[in-house]
2 protein chains.
Amino acid sequence: MNDEHSFKGEKPNRTTLRHVANLAGVSEISVSRVMRNAPNISDKLRRKVMEAANTLSYTPNRVAGALKNQSSNLVAVVLPSMSNDVFAAVLDGIESELNEHGLHSVLGLSQYDHDRELQVIRELLSWSPMGIIMTGLHHSAPIPEMIAQLDIPVVQIMDIEGTPIGSAVGISHSKAAIAAADHLYGKGYRKIGYIGAWNERPERSRARRLAFEARLAKLGVPLVASVIVDERSSAVAGARTTADLLAEHPQIDCIFYANDDLAMGGLFYAMSANIDVPGDLGLMGFNGIEIGKATPLPLSSIQTPRFEMGQEAAKLLLAARTDGHRVVDLSFQVFEGKTA
Amino acid sequence: MNDEHSFKGEKPNRTTLRHVANLAGVSEISVSRVMRNAPNISDKLRRKVMEAANTLSYTPNRVAGALKNQSSNLVAVVLPSMSNDVFAAVLDGIESELNEHGLHSVLGLSQYDHDRELQVIRELLSWSPMGIIMTGLHHSAPIPEMIAQLDIPVVQIMDIEGTPIGSAVGISHSKAAIAAADHLYGKGYRKIGYIGAWNERPERSRARRLAFEARLAKLGVPLVASVIVDERSSAVAGARTTADLLAEHPQIDCIFYANDDLAMGGLFYAMSANIDVPGDLGLMGFNGIEIGKATPLPLSSIQTPRFEMGQEAAKLLLAARTDGHRVVDLSFQVFEGKTA
DNA sequence: AATCCGATTGACAACGATACCAATTGAATG
DNA sequence: CATTCAATTGGTATCGTTGTCAATCGGATT
């Protein structure tokens, strides 16, 4: 315990408007106005105040400001998890945009649990954020009402197939799955398998799988088999699962994965096992992560705009006051690697 | 614009303690006490209040609470960037611990810029967080004083070689570099090169390189060459730079990389170029990322405890009131892959 | 020089929750 | 049944900032 300097109760008492006002010889409200760059301030006043503020190294207390204003420069950001690179990229995008406007994220992780999400959102809303960004379109019942009480803009990210509470930005996961199916069919694959993980979290991956299956059926080449392993997605899991799936269904000539981590594992397995990719086995991932583009055979994948999604979400939030609620479809792209 | 329901100025006025108190027929302070689980509350009172609170779906306004209390359940978290997986993992660890105690992160990204960091920290501190977690041990001058004004605990992460403001948790980067040098030397490599990126951000990577160089010199096998490319770390950059470095210095038999992304690129390049790894070329990364363990030749690396670092940082923060400031050395491990 | 008007500045009362201290209750005691 | 003391409950002021409205200033006008 280094802090011997303060006896209990003898707080150093943060410097406030009042201190600055006294030193500058002006009223508190004037200091407040200068700090906020309010209009109609004389240069003389501004200079006096700024000088006093600097010598005291005064920082406005936003908590008090937010209380008075009923709103803050905080944005509630609710994501399922930080373990998934996808959400790190999204958060990066969100921050890049928010920071330009002096806003900050307060983070809440739902861990893919709806009850937990409710709890987290309740806590974040108690900070009177100026807006909220949340993941997906499905949430427990009380949430829309809670948000409505604060009358703040909402942006839901990742998915746009459904009914958003406010704005939404994302991609059509079913269209992406269809594009993947068409791509693989176009490459001549006819015995296609699917690999997912971790009980299909995020739930959007299930939508993709279903759309993928449906499309293949329609094309007359129904899915041969699909495996959803219990553990979390990882290259290691992808490698093992690929081996298992091929052992059980040797006729499979192509695998579509729930994400690139799994697909990379599949690719590594194929390399170790000397399987001819893309000749004897096609591999296709989802997301288009950076590292997949550096492998000896670049990984074919669906390129999703993760950073941009976050960025656009923040933009929608900021524009909501003037533009109202909107739905933005950021399109995906089929990344033509060399694995399918 | 969907929200036609509210004329300008006719705010739905958030439900407050007062509303609950009125409905329950008790005083505001009693409601406050029930909501906070204060001691000495009769069951009858508690029941009345809870019922009223539920029917009004009341949520306490933490902004007001924080103002009165001079502290909040927010933790300021200052990281350089979200683009780097390392910090995503650290943040994941931080959140995992904070969430168990009902705390939330307010995020600030410095983008590796000290002025920006100062600015961001100033803004975060204006929210009266109950603590602050920041990255590295070097910060612009006013920061320690600003934090001292609030009298909140500080934890600095990543590095422990230097003088922390409060607590610190991380690894010894110079020891890690020495371990890497010793490992490579022990494997018989004698013509060793180094590859870094992006002007050696984070700055800790420079410390590693210098310690690595010094150790090799001491072992009598001075570094053959080192390249720091301008662009950000990525596997693509690692592949290209590896090719360049080997072209210029064909005698190099081993490369130590600033991080695993670069090293993976090097490995992929070697695979494409049919270079015998680890026979003709040893490769060693830094961090021990998941995907490096799934490649046909698992990537040798220094395994760093990123998630644990975040978790421990949060623990130190929570314990600071009782335990004071501490420095925790989370040790790294040499991950024995098959590339060096 | 008196008047007027916009540009500045200030006084005061909130925002919602909580610490502090006072008031009330009720059960236990003699 | 009066008294005492702990357990509950309530009243009031306050955290630091800002919206509202009133007061003041200073130059331009006649």
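In what follows, chains are A, B, ... by sequence order, proteins preceding strands, each numbered from 1.
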Handout entry: Residue closer to the 5' end of DNA chain C, Y58(B) versus R33(B) (nearest nucleotide)
Key = Y58(B)

If the cut-off is 4.0 Å, is [X] near the phosphate of [N], judged by side-chain N/O to OP1 or OP2?
X: S32(B); N: dT18(C); result: yes
X: S27(A); N: dA11(C); result: no
X: N40(B); N: dT8(D); result: yes
X: Q70(B); N: dG16(D); result: yes
X: S30(A); N: dT8(C); result: no

For the pair made of [atom1] in [X] and [atom2] in [N], what is the distance, rounded to whole Å?
X: N61(B); N: dC15(C); atom1: CG; atom2: C1'; answer: 8 Å
X: N69(A); N: dA13(C); atom1: CG; atom2: P; answer: 20 Å
X: E28(A); N: dG16(D); atom1: CD; atom2: C1'; answer: 8 Å
X: L45(B); N: dT24(C); atom1: CG; atom2: P; answer: 17 Å
X: N22(B); N: dA17(C); atom1: CG; atom2: P; answer: 13 Å
X: W127(A); N: dG16(C); atom1: CH2; atom2: P; answer: 15 Å
X: R46(B); N: dT8(D); atom1: CZ; atom2: C1'; answer: 12 Å
X: L67(B); N: dT17(D); atom1: CG; atom2: C1'; answer: 8 Å

Exercise for the section: Grab the two heavy atoms, one from H138(B) and one from E117(B), that are nearest each other, plus how far apart they are. Expected result: O-OE1, 4.3 Å

Practice task
Using a 4.0 Å heavy-atom cut-off across all strands, classify R36(B) as base, sugar-phosphate, or nothing.
Solution key: sugar-phosphate

Handout entry: Of K68(B) and V26(B), the one whose closest DNA chain D nucleotide lies more 5'
Key = V26(B)

Completion exercise
Only one of N73(A), V75(A), N69(A) passes side-chain contact (heavy atoms from CB on, under 4.5 Å) with M130(A), and that residue is V75(A)

Handout entry: Member of V169(B), L137(B), V86(B), L79(B) meeting the side-chain contact (heavy atoms from CB on, under 4.5 Å) criterion with M158(B)
Key = V86(B)

Exercise for the section: Please check if the side chain of H104(B) supplies one atom and the backbone of L74(B) the other of a donor-acceptor pair under 3.5 Å. Expected result: no

Handout entry: Whether W127(A) and W127(B) hold their rings parallel, tilted or perpendicular, with breakpoints at 30° and 60°
Key = perpendicular

Handout entry: Proximity to the side chain of T16(A) - top-ranked nucleotide from dA17(C), dT17(D), dT9(D)
Key = dT17(D)

